[in-house]
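Just so it is clear: chains get the letters A, B, ... in the order the sequence lines come, proteins before strands, and each one is counted from 1.
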Amino acid sequence: MDVNFQFDWQAAIASLPHLLTGIPWTLLISFGGLAIGFLIGIIFGLLRISPLRLLRWPATVYIEIFRGTPVLVQVLFIFYGLPQLIGGPINAVVAGIAAIALNAGAYISEIVRGGVQSIEKGQREAGLSLGLSRTDTFRYIIWPQALRRMIPALGNQGIVSIKDTSLFSVIGVGELVRQGQVYIATTFTALEVYLMVALLYLAITLSLSFALRLLERKGLVGQ
Amino acid sequence: MNDSQQDSTAPIVTMEKVNKYFGSLHVMQDIDLEIAAGEVVVIVGASGSGKSTLIRCVNGLEEFQSGRIIVDGNELTPHGKGGKSLQTIRTEVGMVFQQFNLFPHLSVHANVTLAPEKVRGLNNAKAREIADRLLERVGISNQADKYPSQLSGGQQQRVALARALAMEPRLMLFDEPTSALDPEMIGEVLDAMRELANEGMTMMIVTHEMGFAREVADRVIFVHDGRIVEEGTPQEVFDHPQHERTQAFLSRVLKH
Ligand SMILES: Nc1ncnc2c1ncn2[C@@H]1O[C@H](COP(=O)(O)OP(=O)(O)O)[C@@H](O)[C@H]1O
Ligand SMILES: [Mg+2]
């Protein structure tokens, strides 16, 4: 070990303006992907508990494939593989958002399924017995309660997906890790820069945790 | 839509040769039953004899495999193919459950206004008016802004009663409404039900409260292994049971 080595705070601080240019891309890919993934998760999570087997099994196939393969392989497949099929290039940011959406969507489907199934069957019976349609029973009674129970697991998935976007430096998206690599290539200050990169991820994920905790606490009334 | 409303002598509930199975378990065996408007019918029987299943068939929470059920002129057919008439029946039949089944994410007030607004299409002001009146009637008006979890069991069950009454049902079903309550809260729920019976509501009640049954029932039905074994006035069934199953059941429940 080099006992003379000094952690260079100035170099760390100096890298910040460059690193910050990666943040919008990291946020765009994670939250864009998560938003679409949430929609996918609602649709496939509900298909998964459909009484019709014909609707259940495509959902199961989708979920198993995208949970069972690495998100890195998924994005490589979309970015390098798909263009061969469709005969044109795919934008790297679009590929990143798609990979997060499909991957998080598979996990969120399971979160949605578990959340909906966790609601006591008496709730549905009470709604139906009042004359509410099955759709209204779901919309006004089951779903609001299920959504509240899903918040911790959704937060967890959000954090995982935000961190997953760091892999997309390999397809050249100018996100946080990519900006770090570019910066280090000229300054050779890997220790300082990667520490800053790590702290920036932490800032994003902690903000999300905090926001969700507020949401959960607001939702506690009546539970 | 509703043939029977012109004909006030027609029964509100008619069950003809209704059979139901859970897998190979024959839980309702050739059930024939008629309930007149304004009648209060108490259903008694051992645990597992099929009492809940019987009343849950009336509002289509359970399907049956053969026979027919007509509720206020609307017919339910086997295998849950009620369609439009199932929906109509559910808006006209209220139900109170053993476990209350209040909506925990909604205030007491919103629990009561939900169905009038979404099913009857009432505006919020009109629905609130109905809810205020019913909550006052069951003695909960000062708790209307609370959530169900902030109420005692007895209060929750009275809210559940108000919630069902807000749809102005023609028939009320009760499935052991006091069985999940602490003993000191049973009375307040039975009082509210007694009041409803006195006002002429048609009621089907599954209960183990024999004193209450004797007092409010026009007719008592004893169910054993999915069959109606005996029925009659409370005096007939409780004081002079004809069937040995009824005698055995009564000697067991009246002992404690
Ligand atoms: N969903 C179900 N699936 C299978 N068996 C059931 C179901 N519900 C009730 N049963 C059975 O049907 C019989 C009658 O049940 P139930 O109507 O609940 O009786 P009771 O209300 O008189 O206690 C019991 O043997 C019970 O175990
Ligand atoms: Mg029962």
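Here the side chains of A:Leu132 and B:Leu114 are in contact, with some heavy-atom distance below 4.5 Å. Between B:Asn59 and A:Leu128, the closest side-chain pair of non-hydrogen atoms is not below 4.5 Å. Contact annotation: the side chain of A:Ser133 never approaches that of B:Lys118 to less than 4.5 Å [non-hydrogen atoms, C-beta and beyond]. Side chains of A:Leu130 and B:Phe103 form a contact here, defined as non-hydrogen atoms less than 4.5 Å apart. Contact annotation: the side chain of A:Glu125 approaches that of B:Arg56 to within less than 4.5 Å [non-hydrogen atoms, C-beta and beyond]. Counting only heavy atoms from C-beta outward, the side chains of B:Pro104 and A:Gln145 approach each other to under 4.5 Å.
No more than 12 heavy atoms of other residues, nucleotides or ligands lie within 6.0 Å of CZ in A:Arg134, so this atom counts as exposed by the packing criterion. Under a cut-off of 6.0 angstrom, the local environment of CZ in A:Arg124 is sparse, with at most 12 non-hydrogen atoms contributed by other residues, nucleotides or ligands. Around CZ of A:Phe77, the count of heavy atoms belonging to other residues, nucleotides or ligands within 6.0 Å does not exceed 12. Within 6.0 Å of CZ in A:Arg56 there are more than 12 heavy atoms belonging to other residues, nucleotides or ligands. B:Arg194 CZ: more than 12 foreign heavy atoms inside a 6.0 Å radius. Within 6.0 Å of the CD atom in B:Gln65, the count of heavy atoms belonging to other residues, nucleotides or ligands exceeds 12. At most 12 non-hydrogen atoms from other residues, nucleotides or ligands lie less than 6.0 angstrom from CH2 of A:Trp25.
For chain A, the nearby part of B:Leu102 is the backbone; its heavy atoms alone come within less than 4.5 Å.
Minimum heavy-atom separation, A:Gly131 to B:Gln87: O-NE2, 2.6 Å.
The backbone N or O of A:Ile142 lies less than 3.5 Å from no partner atom in the side chain of B:His105, so there is not a single donor-acceptor pair.
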